Enquirer: 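Let me give you the structure first, and then I'll get to my questions.
Predicted model, so just to flag it, every value in this text is computed and none were measured.
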Amino acid sequence: LIDLGKVTGVLLAEQQNRNENYRPGARMKFFVMAVEMSSRGPEILLSRSHANMVREIFRQEIPEVASGVIEIKGVARDAGFRSKVSVFTADPAIDPIGSCIGQRGSRITTIIEELGGEKIDVIQFSDNAIQYISHALSPAKVLGVELDEDNKTATVTVAPEQFSIAIGRSGQNVRLASE
């Protein structure tokens, strides 16, 4: 149960991050998933693991995202461990990745701290599926991508020394990239 002032929020076990400790009196940010009326009044369902939590923290911490100059196209998240955030801007004078990371990583460091040390990969969105898949598998260097649009699958080729980076620990990188 989370004290929100006049009301109490509910943080279910499946909406918590596995590696976070919740201490009484600690101030934390939560994502409001739903507000439902129950027999005892409003019930507020909260989350710390929802993908939109990352989206909202980006909106709060990065002015270009809040103003709409930079658009978050997608978020794939393995809560507590790693997130991949796809960003786009129509303004050619703005570097969306650089704006999200900030000078010497100042903006992204604030976001990482808020998410309890979760690693965040900021990638460039592209309408070109081959280019987008290559960006999504970063930090691995992709040699080639073959699309099978009928079956909605892609075959990605990487150098042998890049294979473990492309897959990631326990398949995490490739799983987030596929999302």
Side-chain angles (χ1 to χ4, degrees), residues 1-5 7-36 43-89 94-126 132-140 164-179:
L1 297 176
I2 309 298
D3 181 15
L4 300 173
V7 294
T8 301
V10 178
L11 181 65
L12 301 174
E14 61 267 14
Q15 296 300 325
Q16 297 176 15
N17 287 345
R18 294 174 289 229
N19 60 352
E20 281 186 336
N21 295 318
Y22 302 100
R23 298 178 316 279
R27 295 179 63 85
M28 300 178 84
K29 291 182 181 177
F30 296 91
F31 180 73
V32 178
M33 291 180 27
V35 178
E36 299 170 352
E43 183 176 72
I44 302 170
L45 298 176
L46 303 172
S47 176
R48 287 276 300 167
S49 63
H50 199 279
N52 283 339
M53 172 100 181
V54 174
R55 189 182 300 268
E56 286 302 317
I57 290 175
F58 264 73
R59 192 171 287 128
Q60 290 174 5
E61 298 294 333
I62 302 167
E64 293 87 347
V65 174
S67 68
V69 174
I70 295 175
E71 185 180 344
I72 296 177
K73 289 287 194 173
V75 177
R77 186 171 188 210
D78 188 1
F81 299 102
R82 171 169 250 114
S83 291
K84 285 189 179 277
V85 180
S86 172
V87 294
F88 171 79
T89 184
I94 294 177
D95 172 20
I97 296 172
S99 296
C100 290
I101 292 172
Q103 285 185 325
R104 297 188 191 105
S106 59
R107 290 178 174 177
I108 202 74
T109 301
T110 305
I111 295 169
I112 290 169
E113 288 171 4
E114 181 61 46
L115 294 172
E118 185 174 309
K119 303 280 190 271
I120 299 175
D121 296 339
V122 182
I123 63 168
Q124 177 82 41
F125 175 80
S126 175
Y132 190 42
I133 291 167
S134 296
H135 292 306
L137 282 168
S138 70
S164 62
I165 297 169
I167 299 298
R169 182 178 291 150
S170 302
Q172 185 181 56
N173 193 47
V174 75
R175 186 175 59 251
L176 290 175
S178 69
E179 285 182 39

Enquirer: Under 3.5 Å, side chain of Thr110 to main-chain N/O of Ser106, donor-acceptor pair present?
Expert: yes
Enquirer: With sequence neighbours excluded, what pairs up with Gln60 under the side-chain hydrogen bond (donor to acceptor under 3.5 Å, both in side chains) test?
Expert: Lys29
Enquirer: Short question: side chain of Ser47, backbone of Ser49 - any donor-acceptor pair under 3.5 Å?
Expert: yes
Enquirer: Nearest 0.5 Å, what's the OH-CG distance between Tyr22 and Asn17?
Expert: 5.0 Å
Enquirer: Which distance, rounded to the nearest 0.5 Å, do you find between the CE of Met53 and the CZ of Arg77?
Expert: 6.5 Å
Enquirer: Just verifying a value: how many Å separate Leu176 CG and Asp121 CG, rounded to the nearest 0.5 Å?
Expert: 8.0 Å
Enquirer: Going through the distances and angles, do Val75 and Phe58 end up as a side chain to side chain contact (heavy atoms under 4.5 Å, CB included)?
Expert: CA-CA 11 Å; Val75 177; Phe58 264 73; over 6 Å; no
Enquirer: With salt bridge (Lys or Arg N to Asp or Glu O under 4.0 Å) as the rule and sequence neighbours excluded, what pairs involving residues 168-179 come up?
Expert: Asp78-Arg175
Enquirer: Tell me the closest heavy-atom pair linking Tyr132 and Ser86, and the distance in Å.
Expert: OH-OG, 3.0 Å
Enquirer: Can you name the residues that form a side-chain hydrogen bond (donor to acceptor under 3.5 Å, both in side chains) with Asn52, not counting sequence neighbours?
Expert: Arg55
Enquirer: Which residues satisfy the ring pair (Phe, Tyr, Trp, His ring centres under 6.0 Å) test with His50, sequence neighbours excluded?
Expert: Phe31
Enquirer: Within the supplied structure, the quantity of interest is the number of heavy atoms (other residues, nucleotides, ligands) at a distance under 6.0 Å from Glu14 CD; does it exceed 12?
Expert: yes
Enquirer: What residues, two or more places apart in sequence or in another chain, satisfy side-chain hydrogen bond (donor to acceptor under 3.5 Å, both in side chains) together with Glu64?
Expert: Arg107
Enquirer: Kindly indicate, with the supporting measurements, whether the criterion side chain to side chain contact (heavy atoms under 4.5 Å, CB included) is fulfilled by Ile123 and Val87.
Expert: CA-CA 6 Å; Ile123 63 168; Val87 294; over 6 Å; no
Enquirer: Would you check if Arg48 and Phe30 make a side-chain contact, meaning some heavy-atom pair closer than 4.5 Å?
Expert: yes
Enquirer: With rounding to the nearest 0.5 angstrom, report the CD1 to CD1 distance, Ile112 to Ile57.
Expert: 11.5 Å
Enquirer: Determine yes or no for a side-chain-to-main-chain donor-acceptor pair under 3.5 angstrom, with Asn173 supplying the side chain and Ile165 the backbone.
Expert: yes
Enquirer: Indicate yes or no: at least one non-hydrogen side-chain atom of Leu1 is less than 4.5 angstrom from one of Val10.
Expert: yes
Enquirer: First locate atom CD1 of Ile94, then atom OG1 of Thr89, and finally report the distance between them rounded to the nearest 0.5 Å.
Expert: 4.5 Å
Enquirer: As an exercise, state the distance from CE of Met33 to CD1 of Ile44, rounded to the nearest 0.5 Å.
Expert: 13.0 Å
Enquirer: Under the salt bridge (charged side-chain N to carboxylate O under 4.0 Å, His left out) rule, collect the residues that match up with Glu71, sequence neighbours excluded.
Expert: Lys73
Enquirer: Hey, is the main chain of Ile97 close enough, under 3.5 Å, to the side chain of Gln124 for a donor-acceptor pair?
Expert: no
Enquirer: Please evaluate residues Val85 and Cys100 with respect to the criterion side chain to side chain contact (heavy atoms under 4.5 Å, CB included), reporting the C-alpha separation (whole Å), side-chain torsions for both, the decisive distance (0.1 Å), and the verdict.
Expert: CA-CA 10 Å; Val85 180; Cys100 290; over 6 Å; no
Enquirer: State, yes or no, whether a side-chain contact exists between Pro96 and Phe125 at a heavy-atom distance under 4.5 Å.
Expert: no
Enquirer: Report the C-alpha distance between Ser138 and Lys84 in whole Å, list the side-chain angles of each, state the deciding distance to 0.1 Å, and finish with yes or no for side chain to side chain contact (heavy atoms under 4.5 Å, CB included).
Expert: CA-CA 10 Å; Ser138 70; Lys84 285 189 179 277; 4.2 Å; yes
